[in-house]
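See structure below.
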Amino acid sequence: METLSQNKCYGGTQGVYKHASTSCNCDMTFAVFLPQEAEFGPVPVLWFLSGLTCTHENAMVKAGAQAWAAEQGIALIFPDTSPRGDGVADDEAYDLGQGAGFYIDATKAPWSDHFKMWTYIADELPALIGDNFPIDLDRQSITGHSMGGHGALTFAMALPGRFKSVSAFAPICHPTQSDWGRKQFAAYWGEDETKWGPYDATLLMQDKGFDGPILIDTGTDDQFGDLLGTEHLAQAIAARRQEGQVRLQKGYDHSYFFIATFMEDHVAFHAEALYA
């Protein structure tokens with residue numbers, strides 16, 4: 001693992017790191033914020049999964065999460081959204097290829113050589129984090145934005161017992177019924193929908209639910225609202241009597257201004273679960 005940068009931040013440290021990923025078969029970059037409490041022992045952690053076109057840097061710089069995480073004594077992990085590099089398959093469209101890993105493991109060429117984001121986030125990166133940082137992996141929560149909200153919700157439900165709580169900002173809630181999902185699943189897995197797997201938050205909610213609290217915020221003026229399927233997940237949450245909140249925030253859009261506005265709420269929500 002190579003340290004690319006480290007900066008003092010709210011009494012703690014914001015670092016950016018690079019390593020050779022075995023699952024993605026290329027170098028991967030990620031960021032970790034450690035609060036001051038990490039100097040004295042392992043601290044709980046909140047994962048933030050970013051959306052389409054983003055890298056580790058977008059949320060690290062724009063979300064304003066470090067201030068609230070420092071207040072709560074919580075570490076933050078900002079992974080990248082896909083494998084990258086000259087030898088990694090890509091597409092001219094912004095919503096396929098590099099920057100659009102969708103947090104799944106591709107099985108179809110040319111994507112299958114590198115696009116293994118499920119394995120990377122579920123297995124490889126946590127192991128690396130556990131070996132190199134004072135983070136308590138028995139106290140994890142997860143959040144994300146848009147495509148990353150889809151990832152956060154699916155990891156939380158498909159990996160029972162892993163996360164204490166899950167939240168999302170404008171998540172893609174029903175990708176198997178949206179152009180943000182069907183296009184990518186068909187490319188990464190093939191046209192046979194029976195092989196698309198349980199990587200849909202609405203379907204997972206119907207089938208499994210989540211053993212913990214859920215918080216979802218979506219803006220009423222989200223310019224991509226028709227692609228998100230918020231109402232489908234809300235209906236599944238209500239039908240299952242799942243512990244959770246789906247909040248429609250008047251006038252907010254899909255941007256990081258929206259995320260930064262409600263980040264304090266989300267960090268406090270996760271802190272309550274992590275310190276329970």
Transitive ILVMFWY side-chain link L49 to I259, under 4.5 Å: no

For the student: nearest non-hydrogen atoms of V45 and D136, plus distance: CG1-O, 4.4 Å

Which atom of H150 lies closest to which atom of P175, heavy atoms considered: ND1-CG, 3.9 Å

Side-chain heavy-atom pair H174, L233 within 4.5 angstrom cut-off: no

Donor-acceptor pair, side chain of T202 and main chain of C173, under 3.5 angstrom: yes

Path from Y275 to I142 over hydrophobic side-chain contacts below 4.5 Å: no

CG-CD distance between D200 and Q177, expressed to the nearest 0.5 angstrom: 7.5 Å

Exceeds 12 heavy-atom contacts within 6.0 angstrom, atom CD of Q6: yes

Gap between atom NZ of K62 and atom CE of M263 - 0.5 Å precision: 13.0 Å

F224 CZ: over 12 foreign heavy atoms closer than 6.0 Å: yes

pair F30-L128: side-chain heavy atoms closer than 4.5 Å: yes

Chi angles and distances behind the side chain to side chain contact (heavy atoms under 4.5 Å, CB included) call for T107, K195: CA-CA 10 Å; T107 59; K195 297 181 179 179; over 6 Å; no

Aromatic plane relationship, H270 with H266 - under 30° parallel, 30 to 60° tilted, over 60° perpendicular: tilted

Non-hydrogen side-chain atoms of T176 and E193 separated by less than 4.5 Å: no

Within 6.0 angstrom of E272 CD, more than 12 heavy atoms from elsewhere: no

Co-membership, hydrophobic cluster, residues F133 and I74, 4.5 Å side-chain: no

Which atom of V166 lies closest to which atom of A152, heavy atoms considered: CG2-O, 3.6 Å

Non-hydrogen atoms of L137 and G130 that approach each other most closely: CD1-CA, 3.8 Å

CD/Q223: more than 12 non-hydrogen atoms of other groups inside 6.0 Å: yes

Rounded distance [0.5 Å steps], CG in D222 versus CG in L228: 5.0 Å

Side chains of S50 and N58, donor plus acceptor under 3.5 Å: no

Linked, directly or transitively: W111 and Y94 (ILVMFWY side chains, under 4.5 Å): yes

Donor-acceptor contact below 3.5 Å, side chain Q245 vs main chain I216: no

Any donor-acceptor pair under 3.5 Å from D207 side chain to L203 backbone: no

Electrostatic pair D105:K116 at N-O distance under 4.0 angstrom: no

Check: L34 main-chain N/O paired with T13 side-chain donor or acceptor under 3.5 Å: no

More than 12 heavy atoms from other groups under 6.0 Å of CG on D211: no

Between CD1 on residue I214 and CG on residue L153, distance to nearest 0.5 Å: 6.5 Å

Within-4.5 Å side-chain heavy-atom neighbours: V43 and P134: no

is_close_aromatic(F33, F48), centroid dist under 6.0 Å: no

Heavy-atom side-chain proximity of L227 to I172 below 4.5 angstrom: no

Side chains of S21 and E124, donor plus acceptor under 3.5 Å: yes

Centroid separation F102 to Y188 less than 6.0 Å: no

Of F262, Y256, F258, F169, the residue whose pairing with H145 passes ring-ring contact (aromatic ring centres under 6.0 Å, His included): Y256

Exam field: side chain Q184 to backbone G181, donor-acceptor pair closer than 3.5 Å: yes

is_close_aromatic(Y120, H19), centroid dist under 6.0 Å: yes

Side-chain touch P79/I121, heavy atoms, less than 4.5 angstrom: yes

Any side-chain heavy-atom pair of N25 and P83 under 4.5 Å: no

Residue D221 excluded, over 12 heavy atoms near CG under 6.0 Å: yes

Within-4.5 Å side-chain heavy-atom neighbours: C9 and N7: no

Reported CG-to-NE2 distance for the pair L4 and H56, which is rounded to 0.5 angstrom: 7.5 Å

Check: R84 side chain, T29 main-chain N or O, donor-acceptor pair, under 3.5 Å: no

Residues V16, M60; criterion side chain to side chain contact (heavy atoms under 4.5 Å, CB included); working and verdict: CA-CA 10 Å; V16 179; M60 180 185 77; 3.7 Å; yes

Whether W180 and H254 hold their rings parallel, tilted or perpendicular, with breakpoints at 30° and 60°: tilted

Q242 side chain to F210 backbone, donor-acceptor under 3.5 Å: yes

Straight-line distance of Y252 OH to R247 CZ, nearest 0.5 Å: 11.0 Å

is_close_aromatic(W47, F155), centroid dist under 6.0 Å: no

Whether Y199 and W118 hold their rings parallel, tilted or perpendicular, with breakpoints at 30° and 60°: perpendicular

Main-chain N/O of Q98 paired to D90 side chain as donor or acceptor, under 3.5 Å: yes

Considering all heavy atoms, the nearest M117-G101 contact: CG-CA, 4.3 Å

D217 and T261: CA distance, side-chain angles, deciding distance, side chain to side chain contact (heavy atoms under 4.5 Å, CB included) verdict: CA-CA 11 Å; D217 278 319; T261 300; over 6 Å; no

Q235 side-chain N/O to H232 backbone N/O, donor-acceptor pair under 3.5 Å: no

Hydrophobic cluster identity match, W189 and F115, side-chain contacts under 4.5 Å: yes

